[in-house]
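Working notes, beginning with the structure itself.
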Amino acid sequence: METEEHLLPQPRRAEALGGRRRHRDRVAQPPGLDDASRRLANEQPAADALVHARRIAGGGPRPATPEPRPPVLRSASPSGTHAMAQRDSIRDLAQKVGQTAVVRGWVYHRRTAGKLCFLEVRDGSGVVQAVVKKGAVPDAQFEAADKVRLESSVAVTGTVRADPRAAGGVELSVSDLQVVSACVADFPVGKKEHGIGFLMEERHLYLRSRRPWATLRVRAEVERALREWLDAAGYTAVDAPIFTPSAAEGTANLFRVDYFGEPAFLSQTGQLYMEAAAQSLGKVYCFGPTFRAEKSKTRRHLTEFWMLEPEIAFGDLDEVMSVMESVVSHAVSRVLERCRPELEALGRDVAALERVKPPFPRVSYDDALEMLKGTPAEIPWGEDFGAPQEDAVSAKFDRPILVHRFPTKIKAFYMKPDPARPEVVLGCDCVAPDGYGELIGGGERASDLAYLEHKIAEENLPKAAYEWYLDLRRYGACPSAGFGLGLERTVSWICGLDHAREAAAFPRTLHRVYP
RNA sequence: UCCCCGGUAGCUCAGUCGGUAGAGCGGCUGACUGUUAAUCAGUAGGUCCGUGGUUCGAGUCCACGCCGGGGAGCCA
């Protein structure tokens, strides 16, 4: 079936990024113990249970604002029958100078200097240099430190020492080194440049490198911030189905699955379901994976991506535009607040992100066409906005913009025409700066039954498949508005990534479903 | 579906006019008690994507195929 046309960005031009950039990654050192650790120490003390849970989790995500009380894990409780192995988070080592700590993690890097061996160990929370001195540990352990393959898992016990020579300010004077599991061969992903094809083939291992580490942490923070804003604003999270019924001729871009002998399809939007849910709960959102079987090979396209789709009963275009700029700004400000080391690791221009605050400039389709007059991107009224148009217009601003009121004929059937100008719809796209294109698409839904029936017939859509949706107009119809935000594109923009696939842990693209 | 680019050592790449296969990094061996992508010395490592063709001779030229990258269309 047809879906909202601008839930996600139109293509962005390669030129906007300075031409064809080679996908290389220098897998350099991850941030060591830095302000992440210190910042954490300054955050409000968590409940005992929370602290306990984090110790168990071994350096899990940083605390977010309102955090639910975690379950008590009895089996791992210190008072239980199982003694827990000590495990100190590298992030917290700065607070343990002079104490003995046990770091369990992976050998990130190794340098040797005669009877000294420097091991950089990472545990997900940070990296710390462990110094192994011949004589300070049994000879066999020194030998192991000297020979251990990178990315082998280890348990290192030692005294935390403040040392200005160490990258994070502290290092570990090792008294005991255990190789938990040695790599069976040299780790495939090295510290130098690699091509994107190789990195994606080794994605499960590449994940351990700095860029993926930083990106996934930012992604997690973005997800958290988006939910946080909506939850605080009174929205109810409603999970949309992934299996959807055979719906329309537009199934060419849907993944078909065998549903007990019947055809079914992987969802490409939860929007229509959210409209139903909004009639129960008022303000709702879904946040989950969506699937598009399009053979698009661009840095903006994934075949599986996550979309945040709020829907507001009795909402209108102005409200929806306000929510768009609010959630995007909130996500950016949370990332700025909590992910500085990650942004630094990614080389992101933080100043550009700091400008991202409401209000975003409102640009009507008419205004945009006016701006494009005389430029190579000029198009006649009525033609759809493409990447050249988006880039040319967004380049005139220093923050995301809201482009609204597109021609009715180029938009999806369910979008509501502007009563004052039926030739345009009350829809809006949020276009990111720097050629990242469309992050969000949305607007008011057509609520008039007769109009929808007319549009469905006009576009030759199978009416039967839409009967349930039409029921929403038959039984207490209301004005409704909402939008879809593409998570990977948003994260790509915030992180300054080259490709949306970098924003997913295990991206699915036209030519990749492995690993 | 279309257009462009690519496939040579584990990785990233160079390879001139068609004439014995190269570099950096990584690996291995050794040296080094403060290294930060350490440094220094030595060393090993090749189905030049595949098939066929042209040629005395093909990594190089031609055809077809396979795989990958970027973009267009389309889509979000």
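In this text the structure is predicted, and so the values were computed from the model without any measurement. Letters A, B, ... mirror the listed sequences (proteins, then strands); counts begin at 1.
In summary, A/R219 and A/E488 engage in a salt bridge, as defined by a charged side-chain N under 4.0 Å from a carboxylate O. A salt bridge between A/R512 and A/E201 is present, with a side-chain N of the basic residue lying under 4.0 Å from a carboxylate O of the acidic one.
Comparing the C1' positions of B/G24 and B/U20 gives a spacing of 23 Å, expressed to the nearest Å. B/G6 and B/U39 have their C1' atoms separated by 36 Å, with the value rounded to a whole Å. B/U8 sits 15 Å from B/G46 when the P atoms are compared, rounded to a whole Å. To the nearest whole angstrom, the two C1' atoms, one in B/A23 and one in B/A14, are 7 Å apart. With both ends at atom C1', the span from B/U16 to B/G26 equals 29 Å, rounded to whole Å. Annotation: B/A72 and B/C28 have their C1' atoms spaced 49 Å apart (nearest Å). Nucleotides B/U33 and B/C48 have their P atoms positioned 45 Å apart, rounded to a whole Å. Atom name C1', nucleotides B/C3 and B/G45: the rounded distance is 39 Å, in whole Å.
The distance between the ring centers of A/Y285 and A/F483 does not fall below 6.0 angstrom. Taking the six-membered ring where the residue is Trp, the centroids of A/Y273 and A/W468 are separated by under 6.0 Å.
Of the candidates B/G70, B/C74, B/U1, the closest approach to any side-chain atom of A/K295 belongs to B/U1. Distance from the side chain of A/R299 is smallest for B/G71 among the nucleotides B/A72, B/G71, B/C74. Distance from the side chain of A/H499 is smallest to B/G70 among B/G69, B/G70, B/G71. The A/H194 side chain lies nearest to B/C11 when the options are B/G69, B/G73, B/C11.
Among residues two or more places apart in sequence or in another chain, the side chain to side chain donor-acceptor pair (under 3.5 Å) test is passed with A/E275 by A/Q271, A/Y469, A/R473.
Toward the 5′ end of RNA chain B lies the nearest nucleotide of A/S296, the other residue of the pair A/L302 and A/S296 mapping further downstream.
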Contacts under 3.5 angstrom, residues 145-159 of chain A side chains, donor-acceptor by atom type, not counting sequence neighbours:
unit_1 : atom_1 : unit_2 : atom_2 : d
A/R149 : NE     : A/D186 : OD1    : 3.1
A/R149 : NH1    : A/C183 : O      : 3.3
A/E151 : OE1    : A/R122 : NH1    : 2.6
A/E151 : OE1    : A/R208 : NH1    : 3.0
A/E151 : OE2    : A/R122 : NH1    : 3.2
A/S152 : OG     : A/R149 : O      : 2.8
A/S152 : OG     : A/C183 : N      : 2.9
A/S153 : OG     : A/S181 : N      : 3.2
A/S153 : OG     : A/S181 : O      : 3.3

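What separates CZ of A/R501 from P of B/G68 is a distance of 12 Å, to the nearest Å. When the C1' atom of B/G70 is taken as reference, atom NE2 of A/H511 falls 11 Å away, rounded to whole Å. Distance CZ (A/F385) to P (B/G73): 14 Å, rounded to an integer number of Å. Note: CG (A/L254) to C1' (B/C74) measures 14 Å, nearest angstrom.
Side-chain contact check for A/Q129 and A/R111: at least one donor-acceptor pair (N or O, by modelled atom type) lies under 3.5 Å.
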Quick one, give me the B/S/- string for nucleotides 24-34 of chain B, reading 5' to 3', where B means a protein heavy atom under 4.0 Å from the base and S means that only happens at the primed atoms, P, OP1 or OP2. -S-S----BBB
